[in-house]
> 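Have a look at this one.
In listed order, ligands and their atoms are each counted from 1.
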Amino acid sequence: MKVFDAFADEYGPEKVVFIYEPRCGLKAVVVIDNTAAGPAIGGIRMARDVSTEEVFRLARAMTWKNALAGLRHGGGKAGILADPHTPNKETLIRQFAQAIENLQGYIPGPDMGTDETAMGWVRDEIGRSVGLSKVLGGIPLDQVGATGFGIAICGEVAQEFSELDLEGARVCVQGYGNVGQHAARFLAERGAILTVASDLDGTLYDPDGIDIARLTEAKRETGKVTVYEGGQKLDRDAFIDLDCDIFVPAARPDVIDETNAGHLKCKVILQGANIPVTPKAERILHDRGILSVPDFVANAGGVICASVEYSGGTQKQAFETIEEKVRENTREILELAKSHTQMPREAALTLGMQRVSEAMQYRRGS
Ligand code: NAD
C-alpha cells in the first residue's frame, strides 16, 4: 500500500478506515492521524474527485493545525466520494455517520461539500459532530465566517512582517465560497478592497473594487461569481496573472505549484484552503520575497470555533479565542521564521511537531 510508504511516520496515521456501502453507493475513507492531544477533529469532504491521498494529507494538516492552536484535539479527516449536489446526499451522510459510530477518536465537522445541515444529520445518527446550526446548540462556523475572520487577523499580523498595508490593499480570492467570502468581508472591514474573485465557473475582476455584499448575494442565488453586474469576466484560472497585494487561495489543494508560482503577483498569501500550495511552490514564493502564511496557521479559525462549540462555548467566546490564538500563533511563527531565515511553513512545522511530540510523551509506552 504505497500511500503508507508515502505518508506514515512517527506521528501517524493511527487509523485508516475505508467504508463501502453498495446499496446506497457510499464510498468513503476516514483517516485519524494523531490523537495524542485528544479525539481528532476534522471535516468531512464530499467531492467527486476526493482521493485517499488527499485525505491522508488533510488529516496531517489537521494534526499540525490543532496542535498549533493549542486545542485538546488531534487531527483527522474524512472523504466521501460523491457529488455534493447529489439528491442522495442525506442518505450518504447518514450511512457514513452510522459507519463511524464506533470510531470514537474522530469527531466530524464540515468541509467542502458538507455544512451544518450535514452535521445535523450526523449528530442525529450518532450524537457526535461539530459545526452545528444554532438550534442544535452549535456555532454555524461557515455562516458566521470563523475561518475568514481568522484569515483577516492573520492579515493584520502579516503587516508587521512584510510591506503589506491593509488600508487599500487589493485582495484576490480564489474560490469565493464560505471561507473566501468571509475572508473578503473581514479584510474589507480592515480597509482592504476585493478586486478579484473566482470560482469553478470563472473569474471576476474589477480593479476599482467589487461590492462584496452584492457579489455574495449573487453567488448565493446562482452559485456563480460571474453573474455579478460589473467588472470583467475572465477564465477560471485567470487570477494567476492579475496584480494584487493579498492572495487568498480558498478552494482546492495544490492550486499553486512550481508551474505557476512564478506568475503570482502579490505581497502576501493567506492560505484559506488546506494545502493550496505545493512544497516546491512555497520555496519559489519565498525566494521571490512573497510572505506565505501556511494553511494550518491561517485557516485555524474554523476548527478553533468547532472546539469552542464542542466544549459548550458561545459564538462570542469563539471569536475571542480565534482572535487570540491566530494572532499569537501567526506572530510566533513569523518571528521564528524571520530569526531562523526559514520559510513560515518550516517554522510552523517545527513548532507543530514539537507540540505533538510533547503530547505524545504522555502516551503509554512512550
Ligand atoms: P466551499 O465549497 O464553500 O467553497 C469553495 C469555492 O471554491 C466554491 O465557490 C467553488 O466554486 C470554488 N472552487 C472549487 N474549485 C475551484 C477552482 N479550481 N478554481 C476556482 N474556484 C474553485 O468550501 P469552503 O468551506 O469555503 O472551503 C474552501 C477551502 O478552505 C477548502 O480547502 C477547505 O478545506 C478549507 N477550509 C475550510 C474551512 C471552513 O471553515 N469552511 C476551514 C479551514 C479550511
> Heavy atoms only: which of Leu58, Thr114, Asn178 is nearest to atom 1 (P) of ligand 1?
Asn178
> Can you check which of Arg45, Lys219, Met112, Arg236 brings a heavy atom nearest to atom 8 (C) of ligand 1?
Lys219
> Using only atom types and a distance under 3.5 Å, with no angle test, would you say the side chain of Gln159 pairs donor to acceptor with the backbone of Leu166?
yes
> What residue and heavy atom of the protein are closest to atom 42 (C) of ligand 1, and at what distance?
Thr147 OG1, 3.2 Å
> Check whether any N or O atom of Lys77, backbone or side chain, sits under 3.5 Å from an N or O atom of ligand 1, and answer yes or no.
no
> Going by an N to O cut-off under 4.0 Å, is there a salt bridge joining Arg355 and Glu332?
yes
> Look at atom 13 (N) of ligand 1 and find which of Gly131, Ala146, Ala251, Gly223 reaches it with the closest heavy atom.
Ala251
> Provide the number and element of each atom of ligand 1 under 4.0 Å from a heavy atom of Ser198.
20 (C)
> Centroid-to-centroid, Tyr205 to Phe239, below 6.0 Å?
no
> Pairs of nitrogen or oxygen atoms closer than 3.5 Å, one from Lys65 and one from ligand 1: do any exist?
no
> Checking contacts here: is it the side chain or the backbone of Asp295 that comes within 4.0 Å of ligand 1, counting heavy atoms only? Could be both or neither.
neither
> At under 4.0 Å between heavy atoms, is it the side chain or the backbone of Ala250 that contacts ligand 1, or both, or neither?
backbone
> Are any of the N or O atoms of Leu141 closer than 3.5 Å to those of ligand 1?
no
> Please confirm whether the ring centroid of Phe96 lies under 6.0 Å from the ring centroid of Trp121.
no
> Among Thr63, Asp33, Asp111, find the residue that satisfies the side-chain hydrogen bond (donor to acceptor under 3.5 Å, both in side chains) test when tested with Lys77.
Asp111
> Using a 4.0 Å heavy-atom threshold (strictly under), name the region of Leu200 that reaches ligand 1: side chain, backbone, both or neither.
both
> Would you say Asn299 and ligand 1 have an N/O pair spaced under 3.5 Å apart?
no
> Evaluate Val179 for polar contact with ligand 1, using N/O atom pairs at a separation under 3.5 Å.
yes
> With heavy-atom distances below 4.5 Å as the criterion, would you say the side chains of Ile80 and Arg45 are in contact?
no
> Are Arg123 and Glu116 within salt-bridge range, i.e. N to O under 4.0 Å?
no
> How far is atom 4 (O) of ligand 1 from its nearest protein heavy atom, and which residue and atom is that?
Gly177 CA, 3.2 Å
> Check the pair Arg331, Glu335 against salt bridge (charged side-chain N to carboxylate O under 4.0 Å, His left out), reporting the backbone distance first and the verdict last.
CA-CA 6 Å; Arg331 191 169 285 131; Glu335 265 164 9; 5.1 Å; no
> Just which atoms of ligand 1 are under 4.0 Å from any heavy atom in Asn274?
32 (O), 33 (C), 34 (O), 35 (C), 36 (N), 44 (C)
> Among all protein heavy atoms, pick out the one at the shortest distance from atom 12 (C) of ligand 1; state its residue, atom name and that distance to 0.1 Å.
Gly175 CA, 3.8 Å
> Nearest heavy atom to atom 36 (N) of ligand 1 wins, so pick from Gly302, Gly43, Gly272.
Gly272
> Whether Arg57 engages the ring of Phe7 as a cation-pi pair (distance to the six-membered ring centre under 6.0 angstrom, angle to the ring normal within 45°) should be assessed.
no
> Do Thr278 and Ile256 come within less than 4.5 Å of each other through their side chains, counting heavy atoms only?
no
> Verify the neighbour count for atom CZ of Arg48: are there more than 12 heavy atoms of other residues, nucleotides or ligands below 6.0 Å?
no
> Would you please test Asn88 and Thr86 for side chain to side chain donor-acceptor pair (under 3.5 Å) and show each step?
CA-CA 5 Å; Asn88 206 19; Thr86 173; 5.0 Å; no
> Could you say whether the N/O atoms of Asp142 and ligand 1 ever approach to under 3.5 Å?
yes
> Looking at atom 19 (N) of ligand 1, what's its closest protein heavy atom, distance included?
Gln174 NE2, 3.2 Å
> Is there at least one pair of N or O atoms, one from Arg252 and one from ligand 1, spaced under 3.5 Å apart?
no
> Mark up the atoms of ligand 1 that fall under 4.0 Å of a heavy atom belonging to Asp111, in ascending order.
33 (C), 34 (O)
> Between Glu320 and Glu323, is any pair of side-chain heavy atoms under 4.5 Å apart?
no
